[in-house]
Amino acid sequence: MLEIKGLEVKLEEEDKQILKGVDLTIEPGTVHAIMGPNGSGKSTLSYVLSGKDGYEVTGGSATLDGEDLLDMDPEERAALGLFLAFQYPVEIPGVGNMTFLRTAVNAQRKARGEEELSAADFLKEVREKAKSLKIDAEMLKRPVNVGFSGGEKKRNEILQMAMLEPKMCILDETDSGLDVDAMKLVADGVNALRSEGRSFLVITHYQRLLDHIKPDIVHIMANGRIIKSGGPELALEVENNGYADILSEVA
Amino acid sequence: MALAQLKIDTTAARLADVDVPQGAASWGNAARADALARVRQMGLPTKRDEYWKYTDPASLTAADAPEAAVFKSDETPLFDAVDRVKIVFVDGVFDADASDDLQAEGLEIERLSDAMATDIHWAKDIYGVLEARGQKPVERPLATLNTALATDGVVIRVTGKAVKPVNFIYLHNDPSSDAILHNVVKVEAGAEMTLLETGPAAARFSKLLEVDVADGGKFNHVRAQGRDHERRAVTHCFARIGAESTFKSFTLTFNGVLTRNECVLEIVGDDAVAHVAGVCVGDGKDFHHDDTVFITHDALNGESRQVFKKVLRNGATGVFQGKILVKEGAQKTDGYQISQSLLLDDDSQFLAKPELEIYADDVACSHGSTSGAIDETALFYLRSRGVPHDEARNLLTLSFLAEALAEIEDEALADDLRDRLEGWLARHR
Ligand SMILES: Nc1ncnc2c1ncn2[C@@H]1O[C@H](COP(=O)(O)OP(=O)(O)OP(=O)(O)O)[C@@H](O)[C@H]1O
Ligand SMILES: [Mg+2]
């Protein structure tokens, strides 16, 4: 599904190398987790994959189902099935959450040559999905993320993911700022979407989320590289001992 | 040359070959003569006037109007779906055949020339009178020139709750037309009306509207100035707003090489509401749009709002001069003013002069003015969800305009204007 080879990325504005050769292959239907110290490049990887400005790819490649992601506009990547749940979801005053969702769903359908969702079908689907994430109707009417609490913003990201039904979902610290119950809701939302054709890349600092969303493979990222990969037990090791052992092990 | 001399010369040149309209009763003649004397005394504005610092009035004061190509569009005319009384002017001349009968429930409508030919007429107390009141503390000689020279227009007395809106439709057919129209509206106590205005009117258009809203009256105004690119316009609205009455005005402007819209509102009765709002969108160096607003609070518990939003691209210029004056004793005034521009590139510019002058101690007034680019973070967020770049940009642009569009009371009208803005944005990508 997602194949990243030797990806090197620097900031466009300054001479700062952030990703220094990332290799990562995600098979369809699998859940991968990335952990790693602050500033190691996890969010940068997710931004570069989704096409944010400000980064320059200096080497390597990234493909989704064989198609070169790095050459595409962000909207093309989305239409191809890539989704990023932002570490810091963006507030958009003046654009209603419903309008936003419907515009996004229909834009992707249009890009894929599918028919637009009727207003009634759309409404029905949003209501159902919002309900299971405990997002109330009033929140759907408000402008995108404006005045939402941290946890509400994260749940709203998962709602967007549920509506867009992407095949490659990247979740950047979706657990941060969530209370215990909300974390369960979000995990249930993610688990409900798990399927053979859909993969997840879950970026997190904590084992707790991974208790709910069981990863197949856990990667440790440090200083712009994936330095170690293993099974779910790797996350437990980090939880118990921090990164010091792993870092010195590979040094 | 000294500014005073320059203004005298400008005025003399403008008036050299002008015929003052004839055929009025004595009050009409007197109003025109008085205005002519006043304009001679004030002198027409030049770029060196403080009040015209951001907008060069030269083409508005020149003896001859610069030509303007007639813009043809196959778009459905605005307000076509509205059940209204149509009053059509072609290049500034009333067209009886194209207009509806000048009658409707709750309204007395007459052509200005008929009203002026009548010895005793209610319009006498408003025509040129509200304009003259609005000359202090800032002179507006182009308005006075309009009072002196207006050749056509309509006067409306609102006697009850008007069922249908009145729609002034200003068609532009002649590339060298120079139109001067003067309209008067008197809203009697407790009466209500909606006035719609559409169209560019002429190559050069001077338009003045005087509105007297008596106690408990309601005047609702929505206007769109057409889509012609080369036309020029200077418009004035002078309103006197009585106790517990409401005045609301919204203007949408597409294109236009030069537009100066002045709105001068005076709240004279307690508990009155005055809102004035506008959206303009301009593309290119030849777009210059100026909103100049002056709201005076001279009564208790008045509420005023000024909400102006501009979308500027490819070197377009937007101007906002807005003032809230709260007179001594106008306690509990609630005044709000916001003027913002969305600059879609580095070449466009927004020049703003927001002012507050307050002589009462128990008031709440706020004003803000900003200009900025599209929020790149929001743009990326939308695109990452699959919304194409241009569509995302337009969505953010419309959201930027939302606060101004929300000032339009009638939601169907607001939706229509929003759709047309969307169309403009789609054409100017
Ligand atoms: N636009 C930018 N401008 C300047 N520095 C940047 C920018 N983007 C990323 N960086 C830097 O690149 C490094 C990696 O940042 P990134 O956000 O990818 O880390 P992260 O692994 O997601 O960290 P965290 O766990 O704290 O979220 C950091 O040192 C960060 O300061
Ligand atoms: Mg991060």
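In this text the structure is predicted, and so the values were computed from the model without any measurement. Letters go in sequence order (proteins before strands), and every chain restarts at 1. Note that these values count all heavy atoms, side chains included, but never hydrogens, waters or copies made by symmetry.
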For [X] and [Y], which I'm curious about, is there any donor-acceptor pair between the side chains at under 3.5 Å?
X: B/H288; Y: B/T55; answer: yes
X: A/T58; Y: A/Q17; answer: yes
X: B/W424; Y: B/N255; answer: yes
X: B/E303; Y: B/H275; answer: yes
X: B/Q225; Y: B/T253; answer: yes
X: A/S176; Y: A/K154; answer: yes
X: A/D175; Y: A/T204; answer: yes
X: B/T370; Y: B/Q340; answer: yes

> Just wondering, more than 12 heavy atoms not from A/K167 lying within 6.0 Å of its NZ?
Replying inline: yes
> So do the side chains of B/F308 and B/V276 get within less than 4.5 Å of each other, counting heavy atoms only?
Replying inline: yes
> A/P143 versus chain B, heavy atoms under 4.5 Å apart: side chain, backbone, both or neither?
Replying inline: neither
> For A/V105, is it the side chain, the backbone, both or neither that has a heavy atom under 4.5 Å from a heavy atom of chain B?
Replying inline: neither
> Taking non-hydrogen atoms and a cut-off under 4.5 angstrom, which of residues 389-410 of chain B neighbour chain A?
Replying inline: B/H389, B/E391, B/L395, B/L396, B/S399
> Which residues, numbered in order, of residues 84-92 of chain A come under 4.5 angstrom of chain B by heavy-atom distance?
Replying inline: A/L84, A/A85, A/F86, A/P89, A/V90, A/I92
